[in-house]
Each structure stands twice: as C-alpha cells, then as structure tokens.
Amino acid sequence: MRRATIMTSLQTDSDINAIDHSAESTESRHRAPAADKLRPRALRCKLCGSGFEAAPTAVCENCLGPLEAIDADPATLPTRAEISRRPHSIWRYKEWLPFDGEPTLSLDTGYTPLVDAPGIARRLGVARCWIKNDSVSHPSLSFKDRVVATAINAARAFGLDTIGCASTGNLANSVAAQAARAGMDAWVFIPDSLERGKVAATQIFAPHLVRVRGNYNDVNRLCAIVADQFGWGIVNVNLRAYYGEGSKTIAFEIAEQLGWALPTAVVAPMAGGSLISKLQRGFREFSDAGLVSGTPPRLYGAQASGCSPIVQMVLDGRDDVRPVVPDTIARSIAIGNPADGRFAKAAITQTGGWAAAVSDADLIEGIKILAADTGIFTETAGGVTVAAALALAREGRFSANDEVVLCITGNGLKTLEPIVDTLPESPVIDAKLREVRALVNAVVNSA
Ligand SMILES: *Cc1c(COP(=O)(O)O)cnc(C)c1O
Ligand SMILES: [Zn+2]
C-alpha cells in the first residue's frame, strides 16, 4: 500500500521535472503553511543550470550532469551569535543544508573535536596544526555520519521507507546504524573484500547486507540501476544531491571552532572526491555570509598510490578522470572512477592547493605518527592523510606561518588487519611483582 503511494509520487515528480525553478515557485514554497515540516530544496544542474523540483533524483535529464540543491535565501541566514546558541550538531548550520523546515532524524551527529596537534605542526614545519577528529563521529565513527544524516532526512521527507548505499565500508556502517535508529529498512551493497571490522559494524544493525564480487566501481554501477528499480533512497546515488551537502559541515565546524577564523590550509582524504569539493563550498559559503573573513584555505587532497586518480589529475593538470583498478589497503577511499573527480581537482587548483599519493607502508607509518603525537587512532584513510601531509611538507608546499587542519575521517578500530601484524609482541607474565620488576629494569637498562 505504502510502496504504491511512493511509486506514484516518484512518477509524478519525474513528470514535472523539466520545469524551471522560477521566482514564483520559490515564493510559494516559502509561503507553505506547515512551517516546521522538513522540505528538501529544489535542485539545479551543476553543469547546464537547469532547475528541477525536489526529488530523489541526482542526474540532470537534459545533460546527465549532477544535480545539487539550491541555496537558502541569504536574508534567512543566521548570525554567529544565533548559531552559537544552538545545540552542537551539524544542524546548527541548517540554513546551509539542503532543506527548509526542521530535521526529524539523526539530530545529534556532528560537532566533532578540533584537536590541537603541536607535534604534527613541528613535523610539518608549520605554525599550528589541528586534527578535525571525525574518528569519533556519532553514531558510527566516521565522517560519513554527516552525509547520511542529511540523506536520511531527505528520504523521510520524500516518503521513502528504505535507504541504501554503495559503500567502501564506512558509509555501510552509517546507513545501517542510522536506518536502524529511524526504524527504516536498509539495503547495503559493499565489495566482497572489506575489512572484518567494517562488515561487523554494519551487520550488527541487521540491514540487508549484500557483498558484491568486484570492487567499488562494480558495486556503484549495480546500485545506480537498483535505485531506479525499487524506489529506494540510495544515499549516494539518487539522494546524492542531499547527501553531499552534509560534508560542508566539516568546514563550518572548523571555522567556528577556530573562533570564526579560517586556517590557511586543509588536508583531506579523497575517495569519490565529494568531501574536498564540499569543503571548498563550505568555506566559501561562510565567507559569503560574512561569518569569517580572509582568504579561503588552500585545499590539499590525499590518496593512496594504489588508487590515486584524482592526485594524478592534479599532477598532470588534467580535467578528465582516468579510471584505475584499486590496489591498496586503504579500502575506504579506494574508488577507481571518482564521481566528483573533476570537482575535487578544481577545488584543489582554485584554492592554490596540491595533492599527494602515499604508499601503503607510509600510510601505516602515518597511523602510528598520529597515534604517538595526538592519542588518536585512525583508520587507513587517516594514515593516508597524515602521510600525504608529511609528503607535501617535504615538497615545500607549506610555509612556517601556515595554520593547517588535517581531516581525520575514520576510526582505527575498524581496520585492524593491516596494523596488528606491525605491532610488537607484548610480554606475558605470571602475576608476580618480581616479574614486573624485571621488565621495568629491562626498560630502564635499555633507555
Ligand atoms: C568516504 C570517505 C572519505 C572521502 O570520501 P569522498 O568520496 O571523497 O567524499 C574519506 N575518508 C573516509 C574514511 C571515508 O570513508
Ligand atoms: Zn544539466
């Protein structure tokens, strides 16, 4: 019964898709009587500019370009003081998220710590360094909680009762967790070779988990068809316009946590390239709103050398993505054919940043350096970010007065496999004081 209603409403949406987003339709939306009900904003094509009604659709029917949600009316934007009084979550910046009205789900995601990291600053040879620590994101310990929080609200507003995703691991965890809490069904598609921690941290929420033989590219192509067939909200396929906006909240939080100021440089890992392009947009939106002043930060992209198509675009000065077959332990960012590669490369070059790819050995070293200097245990993607920052520093990309933020996007407990075998054996003793004393003496003598 419910499903039939959904299919009908989807059909209607696509029938009226071709209308332009006119001043008149903006006004009628603002006059809508149910002031509190969440209403996803209308969409516009990023390439040809065509306008469309809000719908679970992410592709322009005129040019096949990606759709994105239109901006809020600038007159409705809050001041610093107003934002400061709101609860600590991504929704404190709700005017910059792709909705009007009030969200109903996942209200407590966001506002992760910004951690001072003087040890990393010393290693980079810069004035200051902070870690934006999404390894402790709520509820599923990665930055994907932000994008799922916006997508699941769009799904609910569109009347969809099932969400899903094509995932390299963290998105699977977050979709399964947030769907469980919202009482929605989840269909989660992953490559068959993911880390055990990622699989378990999905299965615990009892979604329909499907392991697909192949890499992320195969999973993603399958999900593009699936989204059309079953009327589901696949968060990073047909809900992508609403999903992607959640990433901007990292930029908003960094600016607010620095006391309404901008860092000079930000280093972020790249998979599909969405996060880094949304960081550019987030910093720009806060500047445009007059909440921060000064030059937007230079954006630096990090990938593993076993899957670095976006880094290659930057190094070659190319705008076309040349797909690769991933071969790296950094599985969460192993996307060989990045959907937003072009926008990621533009964000990097337009801000005056650069990009670096690092080996699997270097990323493991990066995980250990971050742990030693900051007490944060990150996953492989975080190791890529730290190692890439160090590589960029060696290339002379930073200067002594730079203030750098590293985006640490995932938690190390989920990717134990590549780490455990590199750690030392710990001694096993009987519960006897003299055995402890012998160990302490051995440590003292070797120091
Ligand atoms: C998904 C992901 C990213 C980057 O994703 P984009 O597709 O580039 O937005 C970065 N780090 C981790 C840990 C991720 O799971
Ligand atoms: Zn278009």
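Both counts, for ligands and for their atoms, begin at 1 and track the order of listing. These values consider heavy atoms only, across backbone and side chains, with no hydrogens, waters or symmetry-generated copies. Please read all numbers here as calculations on a predicted model, not as lab measurements.
Summary of contacts: the protein heavy atom closest to atom 11 (N) of ligand 1 is T409 OG1, 2.7 Å. The single protein non-hydrogen atom nearest to atom 2 (C) of ligand 1 is K144 NZ, 2.4 Å, given as residue, atom name and distance. The closest protein non-hydrogen atom to atom 5 (O) of ligand 1 is A271 CB, 3.5 Å.
A salt bridge does not link E253 with R92: none of the charged nitrogens is closer than 4.0 Å to a carboxylate oxygen.
Heavy-atom contacts of L275 reach the following atoms of ligand 1: 6 (P), 8 (O), 9 (O) (cutoff under 4.0 Å). Ligand 1 places these atoms under 4.0 Å from at least one heavy atom of E379: 13 (C). Close approach of ligand 1 to G272 (heavy-atom distance below 4.0 Å) involves ligand atoms 6 (P), 7 (O), 8 (O). Close approach to S274 involves these atoms of ligand 1, each under 4.0 Å from a residue heavy atom: 6 (P), 8 (O), 9 (O). Heavy-atom contacts of A381 reach the following atoms of ligand 1: 11 (N), 13 (C) (cutoff under 4.0 Å). Within ligand 1, counting atoms from 1 as listed, the ones closer than 4.0 Å to a heavy atom of I333 are 3 (C), 10 (C), 11 (N).
You'll find the side chain of W187 reaches within 4.5 Å of the side chain of V210, heavy atoms only.
Between M270 and ligand 1, a contact under 3.5 Å exists for no N or O pair. The N/O atoms of F143, backbone and side chain alike, include none that comes under 3.5 Å of an N/O atom in ligand 1.
Side chain of D145 to main chain of S140: a donor-acceptor pair is present (N/O by atom type, distance under 3.5 Å, no hydrogens or angles). Formation of a donor-acceptor pair under 3.5 Å by the D360 side chain with backbone atoms of I329 is found in this model. Remark: side-chain polar atoms of D316 are not paired, donor with acceptor, to backbone N or O of R318 under 3.5 angstrom. For the pair T112 (side chain) and S137 (backbone), a donor-acceptor distance under 3.5 Å is absent.
Of the heavy atoms in N170, only side-chain atoms (C-beta onward) come closer than 4.0 Å to ligand 1.
Ring centroid separation for the pair F283 and F252 does not come in under the 6.0 Å cut-off. Taking the centre of each ring, F158 and Y242 come in below the 6.0 Å mark.
Vertex the Zn ion (ligand 2), arms ending at SG of C63 and SG of C48: the angle is 110° after rounding to 10 degrees.
For the side-chain contact (heavy atoms from CB on, under 4.5 Å) test with I408, the passing option among D134, V136, L370 is L370; the others fail.
Residue-ligand proximity: G273 is placed with a non-hydrogen atom under 4.0 Å from ligand 1.
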